[in-house]
J.: 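A single structure is presented below for examination.
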Amino acid sequence: MNYKEQLISMLETSYSPFHAVKNIVSSLKDAGFEELRESSEFSLQKGHSYYVVRNGTAVIAFKVPSVIDNPMCKIAAVHTDSPTFKIKPNPIKRFKNIVSLNCEPYGGGIYYSFFDKPLSLAGRVFVKKDGKVSPELIAIDKDLLYIPSVCIHMNRQCNSGYEFNAARDTIPMMGSLPADFSFNAYLSSLVGGEVVSYDLFIYNRQKPTVVGFNGEYLSSPRLDDLSADYTVLMGFIESNPKELSLFAAFDNEEVGSLTKQGANSDFMKHTIGRIYNALGFSKEERFAALSKSFLLSVDNAHANHPNRPDLSDSTTDVRLNGGIVLKYNANQTYTSDGLSSSIVKELCSSAGVKFQEYTNRSDLRGGGTLGNISNAEVSLTAADVGIAQLAMHSANEIMGIDDTDAMVALSRELYNRTIDIEGESFSIK
């Protein structure tokens, strides 16, 4: 299976962050990684590979080389969540003979993109069986939900600007159901036990598909940031690093990362500390190693829009299928600076990968990502990169299909090469 086919296959079953981590863990297990638990002592062997999961939506995997001459580490970090809607507790709303599910926006989504298409539910439910409550993943394989637009005859402003109200306009209808319909009872019938609670999200039922005259684009839900998750993971699994190497996938980037499984948590800091401790390095050795370490924050980037070129910076030229995008911001919403971007450019050169450079238009506020948030807990030389895409935060997004290979190649090169950072200078071996 080639990388493009593998990406599409993984996207097809990535209904929620829980399912994304399930797919990541499955790939890690197939590659021989061993599971560790945060609740147990880390016992590590050189030449082995491991992973640890937090809350079902974040995972850190790492490779320990057979010989550790240089205790520095290399990390690529991504996020597992995407903008959508989360179902509220006690969600049933009734209007005449229609039952709808109350929900609220998760992240900064393009609301109208979820209208007028088949939707369903995915996530985890906590099920009580034999006195024990445990999580089970569900993805309802059914065109279950629908958010109807208001017809143009009743909303003449729909094509000239309309402000959606999340408490009114984006509530999905579920069906014509009897008066005694219970949402929890419905969930219980799916999992075969008493449902105590849940974390359920709406997902778009559209499948990933290759589009374009020459099949040059990939259209799919949740490309931001799952296309980065899976391509970086592929390169990581294939690599044979000489230094400690980590792959970190965090949750909740779209809502600020301020959770126990987010980039602003202690997950990476404690995991790195426990790794160094298990390998016999002192605190001083760990601090010295981190001063020479490198973080690649990978989150998708904005391509120049063909219909709205005026929204891009006048000197920015970012294209689909144009290669890796290096992202900059003077206010450091992206971590890239002269040192870290030079490292990425050298890695791209040695991997034979094209790169592009992105900045926001100076009078428009852009987005941020997890690089600087993570750096607040573990401070490293870091750069922000991504795959160029359009329609970011839509229910369905689009990217260049060939950029899949570029991100796999950069990831593999990051882990395979030795990055020797000395103050403000570096060399790559």
Side-chain angles (χ1 to χ4, degrees), residues 1-31 33 35 51 53-59 61 78-87 106-107 109 113-114 117-125 127 134-145 187 190-191 198-211 217-237 247 249-254 261 298 300 387 389 393-399 401 404 407-408:
M1 180 180 292
N2 65 32
Y3 299 129
K4 298 165 189 175
E5 292 173 346
Q6 191 173 352
L7 173 61
I8 291 171
S9 177
M10 297 178 84
L11 287 169
E12 283 181 347
T13 55
S14 297
Y15 314 105
S16 74
F18 301 101
H19 293 85
V21 168
K22 178 183 177 182
N23 286 338
I24 290 169
V25 167
S26 177
S27 295
L28 292 169
K29 285 181 175 179
D30 289 345
F33 284 69
E35 183 178 10
Y51 71 91
V53 175
R54 180 176 282 192
N55 199 44
T57 57
V59 57
V78 295
H79 68 87
T80 60
D81 60 322
S82 302
T84 181
F85 298 88
K86 188 174 185 181
I87 302 301
Y106 174 91
S113 66
F114 287 85
K117 57 174 57 68
L119 307 168
S120 195
L121 294 175
R124 71 178 173 187
V125 294
V127 185
S134 302
E136 290 191 23
L137 298 194
I138 66 168
I140 301 175
D141 187 16
K142 181 178 182 179
D143 296 339
L144 183 69
L145 304 175
L187 295 178
L190 298 177
V191 297
Y198 53 78
D199 295 298
L200 292 175
F201 299 89
I202 290 175
Y203 79 92
N204 180 9
R205 294 276 289 165
Q206 290 176 272
K207 299 290 188 182
T209 184
V210 174
V211 301
Y217 308 126
L218 172 62
S219 170
S220 174
R222 299 172 294 279
L223 288 178
D224 174 24
D225 191 33
L226 295 183
S227 59
D229 291 36
Y230 295 143
T231 50
V232 172
L233 178 68
M234 293 174 205
F236 172 65
I237 287 175
F247 167 86
F250 298 106
D251 191 13
N252 304 127
E253 190 273 344
E254 301 292 359
Q261 59 274 358
V298 189
N300 281 4
I387 294 172
Q389 70 166 85
H393 289 194
S394 173
N396 213 60
E397 302 168 318
I398 191 166
M399 59 173 271
I401 189 69
T404 302
M407 187 56 79
V408 175

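Just so it is clear, the model here is predicted, and its values are computed rather than measured.
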J.: Do Leu200 and Ile138 touch side chain to side chain, with heavy atoms closer than 4.5 Å?
T.: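 Yes, at least one pair of side-chain atoms sits under 4.5 Å.
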J.: Any heavy-atom pair between the side chains of Leu218 and Leu7 that's under 4.5 Å?
T.: yes
J.: In chain order, what residues pass the side-chain hydrogen bond (donor to acceptor under 3.5 Å, both in side chains) check against Thr231, with sequence neighbours excluded?
T.: none
J.: For Val298 versus Asp225, what's the shortest heavy-atom pair and its separation?
T.: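 Heavy atoms only, the tightest pair is O-OD2, 2.9 Å.
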J.: Specify the closest pair of heavy atoms between Thr84 and Ile202, including all atoms of both residues, with the distance to one decimal.
T.: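 Closest heavy-atom pair between Thr84 and Ile202: OG1-O, 2.5 Å.
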J.: Can you list everything that forms a salt bridge (Lys or Arg N to Asp or Glu O under 4.0 Å) with Arg124? Sequence neighbours excluded, please.
T.: Asp199
J.: Who are the side chain to side chain contact (heavy atoms under 4.5 Å, CB included) partners of Ser16, not counting sequence neighbours?
T.: Phe18, His19, Ala122
J.: Where is the tightest heavy-atom contact between Asn204 and Pro118, given as atom of each residue plus distance?
T.: OD1-O, 3.8 Å
J.: Compare every heavy atom of Leu11 with every heavy atom of Ser220, then report the nearest pair and how far apart it is.
T.: OG-CD1, 3.8 Å
J.: Apply side-chain hydrogen bond (donor to acceptor under 3.5 Å, both in side chains) to Ser82 and list each qualifying residue two or more places apart in sequence or on a separate chain.
T.: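 Checked Ser82 against side-chain hydrogen bond (donor to acceptor under 3.5 Å, both in side chains); zero matches.
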J.: Does Glu254 reach the side chain of Asp224, with side-chain heavy atoms less than 4.5 Å apart?
T.: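 Yes, side chains in contact.
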J.: In the structure I gave you, are the side-chain heavy atoms of Met10 and Leu233 within less than 4.5 Å of one another anywhere?
T.: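 Yes - at least one pair of side-chain heavy atoms lies under 4.5 Å apart.
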J.: Going by side-chain hydrogen bond (donor to acceptor under 3.5 Å, both in side chains), name the residues that satisfy it together with Glu12, two or more places apart in sequence or in a different chain.
T.: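 Glu12 satisfies side-chain hydrogen bond (donor to acceptor under 3.5 Å, both in side chains) with no residue once adjacent residues are dropped.
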J.: Partners of Lys22 by side chain to side chain contact (heavy atoms under 4.5 Å, CB included), sequence neighbours excluded?
T.: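 Lys22 satisfies side chain to side chain contact (heavy atoms under 4.5 Å, CB included) with Leu137 once adjacent residues are dropped.
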J.: State, with a plain yes or no, whether a side-chain heavy atom of Ile8 is found less than 4.5 Å away from one of Val210.
T.: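 Ile8 reaches Val210 side chain to side chain.
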J.: Can you sort out the partners of Ser219 under side-chain hydrogen bond (donor to acceptor under 3.5 Å, both in side chains), two or more places apart, ordered by chain and number?
T.: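 side-chain hydrogen bond (donor to acceptor under 3.5 Å, both in side chains) list for Ser219, sorted by chain: Asn396.
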J.: Is there a donor-acceptor pair closer than 3.5 Å between any side-chain N or O of Tyr230 and the backbone N or O of Tyr3?
T.: no
J.: Taking it one step at a time, do Glu397 and Ser227 satisfy side chain to side chain contact (heavy atoms under 4.5 Å, CB included)?
T.: CA-CA 11 Å; Glu397 302 168 318; Ser227 59; over 6 Å; no
J.: Does one side chain, of Asp229 or Thr80, offer a donor that lies under 3.5 Å from an acceptor on the other?
T.: no
J.: In a check of ring pair (Phe, Tyr, Trp, His ring centres under 6.0 Å) between Phe85 and each of Tyr203, Phe201, Tyr106, Phe114, which one passes?
T.: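 Exactly one option meets the ring pair (Phe, Tyr, Trp, His ring centres under 6.0 Å) with Phe85, and it is Phe114.
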J.: Only counting residues at least two apart or in another chain, list the ones meeting side chain to side chain contact (heavy atoms under 4.5 Å, CB included) with Ile398.
T.: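 With sequence neighbours excluded, Ile398 shows a side chain to side chain contact (heavy atoms under 4.5 Å, CB included) to Val211, Tyr217, Leu390, given in chain and number order.
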J.: Asp141: which residues meet the salt bridge (Lys or Arg N to Asp or Glu O under 4.0 Å) condition with it, sequence neighbours left out?
T.: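 Once residues adjacent in sequence are excluded, the partners of Asp141 under the salt bridge (Lys or Arg N to Asp or Glu O under 4.0 Å) criterion are Arg205.
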J.: Distance alone, cut at 3.5 Å: any donor-acceptor contact between the side chains of Asp81 and Thr57?
T.: no
J.: Measure the spacing between CD1 of Ile387 and CG of Leu223 and express it to the nearest 0.5 Å.
T.: 8.5 Å
J.: Please lay out, stage by stage, how Thr404 and Gln6 fare under the test side chain to side chain contact (heavy atoms under 4.5 Å, CB included).
T.: CA-CA 10 Å; Thr404 302; Gln6 191 173 352; over 6 Å; no
J.: If the condition is salt bridge (Lys or Arg N to Asp or Glu O under 4.0 Å), which residues does Glu136 pass it with, not counting sequence neighbours?
T.: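 For Glu136 the salt bridge (Lys or Arg N to Asp or Glu O under 4.0 Å) partners, ignoring immediate neighbours, are Lys129.
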J.: Compare all side-chain heavy atoms of Leu119 with those of Leu144 and state whether any distance is below 4.5 angstrom.
T.: no
J.: Would you call the rings of Phe33 and Phe236 parallel, tilted or perpendicular if under 30° counts as parallel and over 60° as perpendicular?
T.: tilted
J.: Answer whether the closest heavy-atom distance between the side chains of Val21 and Val53 falls below 4.5 Å.
T.: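 In short, these two side chains touch, coming nearer than 4.5 Å.
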J.: Identify, with sequence neighbours excluded, every residue that meets side chain to side chain contact (heavy atoms under 4.5 Å, CB included) alongside Lys29.
T.: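 Listed in chain order: Val25, Tyr51.
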